[in-house]
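Here's the structure, in structure tokens; my notes come after.
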Amino acid sequence: MIVATVFFYLFSAVMIASAVMVIASRNPVHSVLFLILAFFNAAGLFILMGAEFLALILVVVYVGAVAVLFLFVVMMLDVDFVQLREGFLNYLPVGALIGFILVVELLLVLGGWVISPDAVANIAVPIPADPSVSNIQAIGEVLYTRYVFFFQMAGLILLVAMIGAIVLTLRHKPNVKRQSIVDQVGRTPEMSVEVRKVESGKGI
Amino acid sequence: MTPNLLSIAPEILLAVGAMVALMFGAFREDESSVSITAGLSIALVIAAGVLVWLVPTDPEPIFGGSFLLDPFAKLMKTLIAVGSAVAILLSVDYMRYGQFTRFEYPVLIVLATAGMFVMVSATDLISLYMGLELQSLAAYVVAAIQRDSVRSTEAGMKYFVLGALASGLLLYGASLIYGFSGTVTYAGIADAVSGSGASVGLTFGLVFLLSGIAFKISAVPFHMWTPDVYEGAPTPVTAFFASAPKVAAMGMLIRVVIDAFPTITTDWQQVIVFISIASMGLGAFAAIGQRNIKRLMAYSSIANMGFALVGLAAGSEAGVRGVIIYMAIYLAMTLGTFAFILAMRRGDTMVETIDDLAGLSRTNGPAAFFLAILFFSLAGIPPLAGFFAKFYVFLAAIEAELYALAVIGVLTSVVGAFYYLRVVKIMYFDEPVAPFERMGGELKAVLGVAGLLVLLYFVYPAPLVEAAGAAAKSLF
């Protein structure tokens, strides 16, 4: 129990610190790297709560895809972050007010949760239904049986999205030199080397 | 427990066939790949439409209550298959002029058709949403498929942003309905509302759900995208938008209100009555000032959706039968009209204004005749099919004692007759301008067949009326 508590505080502290660093660090690449650290610690918190599926999804989707995409955007677009930061103090009061309202709302919601223990009793089905199997197993057991139709439909929708992205953005430029591995492998000495008899004292 | 996969065999055929066509188009690099994938796609869609009738109907929804192939779904799927196949056929001529050389277009139509098949078979909110998204996503892409044209990309962008908003509304409604009924299946929702009636939250969710679907059938007040998208999208794409997706969304709407909310008819009836009156009114009056024939057809389709909803507002079996007949006849009229619009070409450019039709009767008599038939039918003049379509829905509304709705419907259809007849007048009585290029063979065929169907419907209406009656019966 004590180990779990220690890890909870460790993950939480690192997560909050890295979240602060995301907005505080001057270098945008560092910001994204701190964001990834925050995601990893959030995943750790999920595992402590027994939600290992969410933890894996968080790492796979957010770290594996979203954060890497951010990194690409930051590195490829020439955004002047110093300029963006100008006037930070002007916006501070409004930002602080919004943050304060958000905190109050969160506290009210969470306060309501703590005050009313009946809320827990309203959960219709314990998840997972059988406490002896893990989350991932419970999801897997229904995903490919009960919900196989939806799963396949979702796959088709993603296929359409992929076709759409290719149709609307892919352009074949005729003048670009591309690597053709077939041509490279298929080359023979006869095609690439020419032996000429050169008379001494004369060029070709 | 193995689900009965036979019922979704048409959808599986479409999905697998689309992937095969996609691979074919991607790996065959010469010019012929476009026409071959188009031919393959037409064959696939027709095969799926036929296959629907070869597999047995389900007594119960399969996949845990998510998917049902009943006579209603079969008939709607046939109409959808016809709409999609003809829409691909209509694009062939456009491709011939080299304005449209993307093999992905027919493939996306096939995938959209699979989505539409799921929409009309959906018996829970998740498969409803999945089918809708599959159809919509493919539609957003084909709207923008001429990516070098500013109008086409603008149409795609508008359609995408507003469509995403509508999907959001629909999802919000669906989540409220789920939250207040505890289930996503239509049967479960019907059980939940049958005892104590709908709670406020559920009614709230229902309104949002109907708003989302109203966007998809371009009913007022969610119609704003329609004229811009119809005008901006390439004309074969507009022909597609006006035909099969409308039928599918209407089928989905009928099933969700009849199956999931049978005991609270009055709750959704008022919403349907409102959007029906608003659509008929706006469609009739806003079309008067239009000079562009694609925009005119956009307002015409808004008005037509309003008329079809009159039948649904009745909430009765006769009303649903009327809507199905209406959609079938609407499909024929729309596809025929767009076959003609696609032939409005001078030299290498498409012309789109109504004034370009001046004196068509003297430059191309047969085309003018068939177009006049279609426009008379859209105006609802007997004995053409469009008259009977309106007759069935108004009759159902009167039987359900919705007199005001029926009277407003008749009045707006008189206003609508004005702009349809004006086009006919321009074709027959104005001085001819330069003739159009020769019509492509398949355009002629579609225009001719649609014109004859509309003209001769009154001779032998029994097959459609009986099929629609059987389909409507299976819902109640």
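Worth saying up front: this structure is predicted, and the values here are computed from it rather than measured. Reminder, nothing fancy here: chain letters follow the sequence lines and each chain counts from 1.
Residue A/Leu170 qualifies as enclosed at atom CG: its count of foreign heavy atoms under 6.0 Å is above 12. Around atom CE of B/Met19, more than 12 heavy atoms belonging to other residues, nucleotides or ligands sit under 6.0 Å away. Atom CZ of B/Phe24 has more than 12 heavy atoms from other residues, nucleotides or ligands within 6.0 Å. Around the CZ atom of A/Phe150, the shell of radius 6.0 Å holds more than 12 heavy atoms that belong to other residues, nucleotides or ligands. When the shell of 6.0 Å around CZ of A/Phe11 is examined, it contains more than 12 heavy atoms from other residues, nucleotides or ligands.
Among all heavy-atom pairs drawn from B/Leu44 and B/Leu13, the shortest one is CD2-O, 3.9 Å.
Contact annotation for B/Leu111: only side-chain heavy atoms (C-beta onward) come within less than 4.5 Å of a heavy atom of chain A. In this structure, no portion of A/Ala165 lies under 4.5 Å from any heavy atom of chain B. Neither the backbone nor the side chain of B/Val142 comes within contact range of chain A, judged by heavy atoms closer than 4.5 Å.
The shortest distance between side-chain heavy atoms of A/Leu58 and A/Val63 does not fall below 4.5 Å. Using a 4.5 Å heavy-atom threshold, the side chains of B/Tyr186 and B/Leu128 count as touching.
Residues forming a side chain to side chain contact (heavy atoms under 4.5 Å, CB included) with B/Met23 (at least two apart in sequence, or on another chain): B/Phe27. Taking B/Leu165 as the reference, nothing meets the side chain to side chain contact (heavy atoms under 4.5 Å, CB included) condition, with sequence neighbours excluded.
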Do chain B and chain A have donor-acceptor pairs under 3.5 Å, and which are they?
unit_1	atom_1	unit_2	atom_2	d
B/Phe63	O	A/Arg146	NH1	3.3
B/Gly64	O	A/Arg146	NH2	3.3
B/Arg147	NH1	A/Val167	O	2.9
B/Arg147	NH1	A/Leu170	O	2.7
B/Arg147	NH2	A/Leu170	O	2.8
B/Asp148	OD1	A/Arg171	NH1	3.2
B/Asp148	OD1	A/Arg171	NH2	3.4

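Close approach to chain B, defined as a heavy atom under 4.5 Å from one of its heavy atoms, is seen in A/Leu156, A/Ile157, A/Leu159, A/Val160, A/Ala161, A/Ile163, A/Gly164 of residues 155-164 of chain A, taken by number.
Ring pair A/Phe149/B/Phe67 is perpendicular by interplanar angle, where above 60° counts as perpendicular and below 30° as parallel.
With chain A as partner, the option from B/Ile8, B/Leu22, B/Leu137, B/Leu108 having the largest number of non-hydrogen pairs under 4.5 angstrom is B/Leu137.
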